[in-house]
Amino acid sequence: MKKLMLITPMLHQGGFERVCVTTARLMQKYYDVTVLIFSDKDINYDVTGLNIVNINLPARKGKYAKAINLIKRVIKVRQLKKELGIDICYSFGSSANYVNSLSKGKEKVFTGLRCSTDMESPKQVKLFCSKADQVLSCSKEIMRQLSTEYNYDKSSYIYNPLDVAAINIQAKEKIDDLPFGLTQDREDIIESKKKAKAKADKASAKKADSDNPYEKDNDNGSHHIEWDVSSDAPLKIKRDVNKDNKQEEEEDKRIRLIVSVGRQDYIKGFWHLVKAFSIVAKDNDNARLMILGTGDWTPYYKLTEDLGIKDKVAFMGIRKNPFPYVAASDLYVLSSNHEGFPNALLEAMALGKPCVAADCKTGPREIVLSEDEYNDLLKIRPDGSSTDKAIEGEYGILVPDMNENEDFDSQVITVGEKALAREINKMISDDDKLERFGLKARERADCYQPEKYSAELNSILEKL
């Protein structure tokens, strides 16, 4: 069995770190797999059963210290590659790519360009391309850029794996710290869906024959219809047609929970989301925003206070298992200005969450648009630049990319933030739309199953 080494700096958080761990597990049936990390501080992923090698050379501050650290890493990794008899080495992230490229020996080297930020340094990209036997990216857009801007054709793209079944199992883990007084089962959502179905069939129900076995008279002269909301068959849920107004009022009161997941970093653009949400909250008093991720959120606390929405926004910090929280939401929003192939967006879609995503480089448009819609946009924007208007794609809503300059001034609301707010409002104000895009989200998520990823990656590796 050939020996495969995967290199990632750490396993504490982040999309490509999760993909690295998943890749290690999936490729064990093809290779003897070793995962090499620079530091084992705050490992946040389950690495049970994986061969983890920690060279204990964590990041250093300062140019001189960084240069010395890089040399030490290269020497150590080159030595380990030789000792372990590594045949193929695949790296995740820029710092890992440097070490993998510069420690190259007889093994085949694959460098991973996984985010649009990886493409912003021409010298770095040229180094990774020149030293690698092949460059792997996680989106068509990065591969297109390598071809058009660097004349590099030894690249392949492979979409990140998504274990839909595992995500849905993890989403059932019990939690008791949802904000805004919400509970995990979100009875308000369940009841709203039941009421929506009953309301949709109200007209036909009124015309139903009086001897309809599913329609019954109440003692007070009113009647109800019993529905099973999981099918078309009437069955369980009582609906008193004399209480339509009251029930509609109750439905209007239910919380609309918007969620986003990511670390506190300028590339995630969360200040855009918070400002957009401040507009949403004015139009919809029941809207709430929950953000999960590590980092210092102090400037965001101030921003929410200045915007008058501090009681409607919750910063939950990092959660080892974010899926129960996402599962309890109504809508997922991605406000990033840079991505690779956004795992958190896909994971939300795996849970059947409708989504609104910024058309940042790279990934979101390839996820929420169909193949035809993607190609149509590329004809309009052949340089890969963002759409200038919202697009209702087959699998979700795409809004124009927003700038990357952090702005915590509550008095400044940009055109892009207003556009994002409009699309969020359209979604959370329309239960039918939420349900429709929730179903399409799950359908899209099923396209990224792990078995497909492992087979495609093994095919790419074996070709060399």
(message) Are more than 12 heavy atoms, taken from residues, nucleotides or ligands other than D383, located less than 6.0 Å from that residue's CG atom?
(response) yes
(request) Would you check, one step at a time, whether the test side-chain contact (heavy atoms from CB on, under 4.5 Å) holds for V53 with L80? (result) CA-CA 9 Å; V53 174; L80 284 169; 4.0 Å; yes
(message) Are S91 and V99 packed together at the side-chain level, in the sense that at least one heavy-atom pair is separated by less than 4.5 angstrom?
(response) no
(message) Counting C-beta onward and ignoring hydrogens, is there a side-chain heavy-atom pair between R444 and C447 closer than 4.5 Å?
(response) yes
(message) Quick one, I7 and F38 - any side-chain contact, counting heavy atoms below 4.5 Å?
(response) yes
(request) Decide if the gap between the ring center of F341 and the ring center of Y448 is smaller than 6.0 angstrom. (result) yes
(request) Evaluate whether atom NZ of K140 has more than 12 neighbouring non-hydrogen atoms of other residues, nucleotides or ligands under 6.0 angstrom away. (result) yes
(message) Quick check: closest heavy atoms across Y300 and W271, and the distance to 0.1 Å?
(response) OH-N, 3.0 Å
(message) According to side chain to side chain donor-acceptor pair (under 3.5 Å), who are the partners of D296, at least two apart in sequence or on a separate chain?
(response) T298
(request) Sort out for me which residue in K81, K82, E83 forms a side-chain hydrogen bond (donor to acceptor under 3.5 Å, both in side chains) with Q79. (result) E83
(message) If you take the centroid of each ring, where Trp contributes its six-membered ring, are Y159 and Y157 closer together than 6.0 Å?
(response) yes
(message) Before we go on, tell me: are the rings of Y98 and F128 under 6.0 Å apart, centre to centre?
(response) yes
(message) Hydrogens and angles aside, do T183 and D185 bring a side-chain donor and acceptor to less than 3.5 Å of each other?
(response) yes
(request) Indicate whether any N or O donor in one side chain lies under 3.5 Å from an N or O acceptor in the other, for K131 and T111. (result) no
(request) Apply the test side-chain contact (heavy atoms from CB on, under 4.5 Å) to residues E173 and F323: give CA-CA distance (whole Å), side-chain angles for both, the deciding distance (0.1 Å), then the verdict. (result) CA-CA 8 Å; E173 179 184 311; F323 303 133; over 6 Å; no
(request) Let me see the working for R381 and D388 under salt bridge (Lys or Arg N to Asp or Glu O under 4.0 Å), right down to the final yes or no. (result) CA-CA 10 Å; R381 304 281 179 176; D388 60 358; 3.2 Å; yes
(request) Answer yes or no: is there a side-chain heavy-atom contact under 4.5 Å between R254 and D431? (result) yes
(message) As a quick check of understanding, evaluate side-chain contact (heavy atoms from CB on, under 4.5 Å) for K361 and E339, giving each step before the final call.
(response) CA-CA 6 Å; K361 291 184 177 180; E339 283 289 348; over 6 Å; no
(request) Can you measure from CZ (F92) to CG (L136) and round to the nearest 0.5 angstrom? (result) 8.5 Å
(request) I would like to know whether E462 and K108 meet salt bridge (Lys or Arg N to Asp or Glu O under 4.0 Å); could you show each step before the answer? (result) CA-CA 10 Å; E462 283 299 305; K108 297 296 183 182; over 6 Å; no
(message) I'd like to know if R365 pairs up with D359 as an ion pair, taking the criterion as any Lys NZ or Arg NE/NH1/NH2 lying under 4.0 Å from an Asp or Glu carboxylate oxygen.
(response) yes
(message) Pairing donors with acceptors under 3.5 angstrom, does anything connect the side chains of Y325 and R319?
(response) yes
(message) If I compare all heavy atoms of D177 with all of M316, which pair ends up nearest, and what's the gap?
(response) O-CE, 3.3 Å
(request) Would you check if there is a donor-acceptor pair between the side chains of N51 and T34 at a distance under 3.5 Å? (result) yes
(request) Please tell me if the side chains of P354 and M427 come closer than 4.5 Å, counting only heavy atoms from C-beta onward. (result) yes
(message) Once rounded to the nearest 0.5 Å, what's the spacing between atom CZ of R73 and atom OG of S103?
(response) 12.0 Å
(request) Examine distances only and state if a side-chain atom of R442 and a backbone atom of V164 form a donor-acceptor pair shorter than 3.5 Å. (result) no
(message) If you define the side chain from C-beta out and look only at heavy atoms, does anything of Y150 sit under 4.5 Å from M119?
(response) yes
(message) Test side-chain contact (heavy atoms from CB on, under 4.5 Å) on H12 and K41; report intermediate values, then the result.
(response) CA-CA 7 Å; H12 64 312; K41 182 181 179 182; over 6 Å; no
(message) Could you check whether any side-chain heavy atom of L334 comes within less than 4.5 Å of a side-chain heavy atom of P364, counting everything from C-beta outward?
(response) yes
(message) For a 4.5 angstrom cut-off between non-hydrogen side-chain atoms, does E107 reach V109?
(response) yes
(message) Check for me whether K275 meets the cation-pi criterion with F270, that is, NZ or CZ under 6.0 Å from the six-membered ring centre and within 45 degrees of the ring axis.
(response) no
(request) Run through L398, L331, I428, I397 and flag the one making a side-chain contact (heavy atoms from CB on, under 4.5 Å) with E423. (result) I397
(request) Using the salt bridge (Lys or Arg N to Asp or Glu O under 4.0 Å) rule, pick out the option among K433, K426, R422 that qualifies with E392. (result) K433
(message) Go through it in stages, so that I can follow the logic: the residues are E305 and K302, the test is salt bridge (Lys or Arg N to Asp or Glu O under 4.0 Å), and I'd like the CA-CA distance, side-chain angles, deciding distance and then a yes or no.
(response) CA-CA 5 Å; E305 186 172 359; K302 174 80 165 50; over 6 Å; no
(message) Hydrogens and angles aside, do N458 and K463 bring a side-chain donor and acceptor to less than 3.5 Å of each other?
(response) no
(message) salt bridge (Lys or Arg N to Asp or Glu O under 4.0 Å) for K104 and D133? Distances and angles first, verdict last.
(response) CA-CA 10 Å; K104 179 174 170 56; D133 292 285; 2.9 Å; yes
